[in-house]
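A quick write-up on the structure given underneath.
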There are 2 protein chains.
Amino acid sequence: MQLSYTEENYLKALLKVSFDSGIEAVGTNELAISLFVKPATVNDMLKKLKEKGLVDYEKYGKITLSAEGKKIATYIIRKHRLWETFLYEKLEFSWDEVHDVAEQLEHIHSQKLVDKLDKFLDFPEFDPHGDPIPNRLGELKVQFKKTLSEVAVGGSCKMVAVKDNSSSFLQYVVQVGLGLNNEINVLSKQEYDAILVIEVNGLKSSVSQKFADNIFVVCHHCEVGKICPNTQCTFS
Amino acid sequence: MQLSYTEENYLKALLKVSFDSGIEAVGTNELAISLFVKPATVNDMLKKLKEKGLVDYEKYGKITLSAEGKKIATYIIRKHRLWETFLYEKLEFSWDEVHDVAEQLEHIHSQKLVDKLDKFLDFPEFDPHGDPIPNRLGELKVQFKKTLSEVAVGGSCKMVAVKDNSSSFLQYVVQVGLGLNNEINVLSKQEYDAILVIEVNGLKSSVSQKFADNIFVVCHHCEVGKICPNTQCTFS
DNA sequence: TAAATAAGTTAGGCTAATCTAACAAATTAA
DNA sequence: TTAATTTGTTAGATTAGCCTAACTTATTTA
Ligand SMILES: [Mn+2]
Ligand SMILES: [Mn+2]
Ligand SMILES: [Mn+2]
Ligand SMILES: [Mn+2]
């Protein structure tokens with residue numbers, strides 16, 4: 001089934017919104033916000049996607065992806081993250097520049113291109129933002145993780161991913177000396193507004209709750225797909 | 001000016017048709033054939049492109065690209081050929097597979113991507129089909145060349161490009177043992193139907209006039225951008 | 001040069017993706 | 001449990017890119 005650029009984006013948004021909210025069933029308005037269109041527009045498209053068997057949904061009910069819809073959405077994510085990795089690893093893009101270009105590249109239709117790109121990059125498991133890249137079968141590594149705001153004062157952790165992929169946020173992350181796999185010490189937290197003082201590679205910074213909510217961390221002994229050897233670890 | 005996928009294809013077709021025919025001014029029907037649409041459709045688009053200052057044309061007159069239109073069309077060609085080179089050189093695509101994917105990739109909007117890709121490929125001057133790749137300034141290497149059908153019986157030459165980029169033709173070229181920079185000896189030619197007997201790396205094959213019209217060749221002493229040291233050379 | 005043919009244009013219609021405005025159903029609060 | 005609010009749907013319009021059928025202009029050919 002050859003889908004349009006737009007149809008693909010609706011499927012991807014559905015997967016992303018349900019993943020981010022933690023709830024499988026998604027509403028029309030929610031989806032409209034995520035796609036920067038009006039609810040009426042979403043409603044039209046939903047009818048078409050239902051017709052094609054890509055979403056399950058009844059009038060006034062919640063929306064979920066069908067098995068086929070989810071497969072396609074996952075494939076789009078796979079392409080997006082492979083392209084981000086390519087741009088970052090091979091073309092010297094910085095991690096805040098890759099997303100917008102990948103938004104375009106993810107819609108190129110060529111199975112061979114995706115497989116060859118995957119091989120060229122040596123089958124990467126994570127993209128430049130720490131997000132897992134689905135493999136040919138749609139499987140991905142699940143990382144047990146918390147946000148930086150959940151880490152106790154006095155504790156330390158390792159950054160493994162970012163939640164917000166916007167250029168402005170990512171540039172800010174770099175500014176406080178942070179990058180993937182960096183150690184973070186949480187020195188103190190304000191009662192009143194939850195402002196955190198953190199230390200990264202000797203550099204101390206004050207960051208907001210909002211900032212800390214968008215940084216994913218694990219215990220610094222944690223390894224992907226394994227049980228953490230640290231018996232005190234509260235992440236896995 | 002951010003153009004649509006379709007508008008870009010019209011500009012590219014205009015450049016290609018005028019280049020292939022050797023005549024700058026192009027007609028509505030000609031363009032329609034090349035784009036697989038109807039003349040009426042071309043007419044609609046022409047009005048829009050004229051409005052945007054990308055083509056010069058008056059009702060019932062011939063069509064030419066404006067300076068701006070030509071610049072954009074050349075940039076699309078640059079992207080197309082860089083992507084073909086990437087697929088061929090880095091992702092193990094064969095030369096008959098690259099064109100269709102490049103037709104999609106040429107529409108990705110990112111100046112940085114193009115420049116970085118160019119650098120990653122070490123600023124290639126020719127694509128896998130022997131076509132010149134315009135540089136950042138839109139300049140390209142012009143190769144003096146003839147078609148294989150113009151070579152005299154008993155003569156020899158070197159293949160430098162193909163005219164037809166279709167998968168079926170390119171596969172046929174490989175089948176007779178030919179590739180870029182291979183030496184070809186023209187052993188004989190039939191009076192009646194111009195069937196040629198050629199020899200490539202010791203392999204003899206009979207090829208049609210149509211085939212020979214689509215193979216571009218030079219003298220085997222010729223080098224791009226230089227005057228051939230062979231005083232007998234009839235190519236440059 | 002007049003008729004025939006080719007080339008180009010116009011009018012009107014279709015579909016995909018979007019919108020606004022009005023309406024209907026479901027949920028929440030009083 | 002009614003009223004208010006939120007959420008979702010429908011009807012009707014718009015734009016880009018395409019079409020067919022009918023028409024007009026330009027070019028050939030007799
Ligand atoms: Mn991204
Ligand atoms: Mn990412
Ligand atoms: Mn090509
Ligand atoms: Mn080419």
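All figures in this text were calculated on a predicted structure; none of them were measured in a lab. Below, each value reflects all heavy atoms present in this structure, side chains not excepted, and no hydrogens, waters or symmetry copies.
Which of C:dT10, D:dG8, C:dT9 sits closest to the side chain of B:Lys47 comes down to C:dT10. Candidate nucleotides D:dC19, C:dT18, C:dC19 were compared by shortest atom distance to the side chain of A:Thr6, and C:dT18 ranks first. In this structure, of C:dG8, D:dT10, D:dC19, it is D:dC19 that holds the atom nearest to the side chain of B:Thr41. Among D:dT9, C:dT9, C:dC19, the nucleotide with an atom closest to any side-chain atom of A:Asn43 is D:dT9.
Atom pair A:Asp44:CG and C:dC19:P shows a separation of 10 Å (rounding to whole Å applied). One atom, OH of B:Tyr10, and another, P of D:dA16, lie 14 Å apart when rounded to the nearest Å. Following rounding to the nearest Å, B:Phe36 (CZ) and D:dC18 (P) show an atom-to-atom distance of 13 Å. In this structure, B:Met45 places its CE atom 16 Å from P of C:dT10, rounding to the nearest Å. For the pair A:Gln2 CD and C:dA16 C1', the computed distance is 16 Å after rounding to whole Å. Between the NZ atom of B:Lys38 and the P atom of D:dA16 there is a distance of 23 Å, rounded to whole Å. The distance from atom CG of A:Leu31 to atom C1' of D:dT9 is 15 Å, rounded to the nearest whole Å. Nucleotide D:dT9 holds its C1' atom 11 Å from the CG atom of A:Leu46, rounded to whole Å.
Between B:Thr85 and the options B:Val98, B:Asp122, B:Asp127, B:Asp118, a side chain to side chain contact (heavy atoms under 4.5 Å, CB included) holds for only B:Asp127. Partner of B:Lys50 under the salt bridge (charged side-chain N to carboxylate O under 4.0 Å, His left out) criterion, chosen from B:Glu68, B:Glu58, B:Glu7: B:Glu58. A side-chain hydrogen bond (donor to acceptor under 3.5 Å, both in side chains) with A:Glu106 holds for exactly one of A:Arg81, A:Lys79, A:Lys12; it is A:Lys12.
Contact check, A:Asn29 against D:dG8: a side-chain N or O comes under 4.0 Å of OP1 or OP2. A close approach under 4.0 Å does not occur between any side-chain nitrogen or oxygen of A:Thr28 and OP1 or OP2 of D:dT7. Side-chain N/O atoms of B:Tyr57 include one lying less than 4.0 angstrom from OP1 or OP2 on C:dT9. One finds a side-chain N or O of B:Lys59 lying less than 4.0 angstrom from the OP1 or OP2 phosphate oxygen of C:dT10. Contact check, B:Tyr60 against D:dC23: no side-chain N or O comes under 4.0 Å of OP1 or OP2. Residue B:Lys62 places at least one side-chain N or O closer than 4.0 Å to OP1 or OP2 of C:dG8.
At a threshold of 4.0 Å, the pair A:Lys119-B:Glu92 counts as salt-bridged, since one of the basic side-chain nitrogens sits closer than that to a carboxylate oxygen.
Enclosure of atom NZ in A:Lys145 by more than 12 non-hydrogen atoms of other residues, nucleotides or ligands within 6.0 angstrom is indicated.
Within 4.0 Å (heavy atoms only), B:Tyr5 reaches no atom of the nucleic acid at all.
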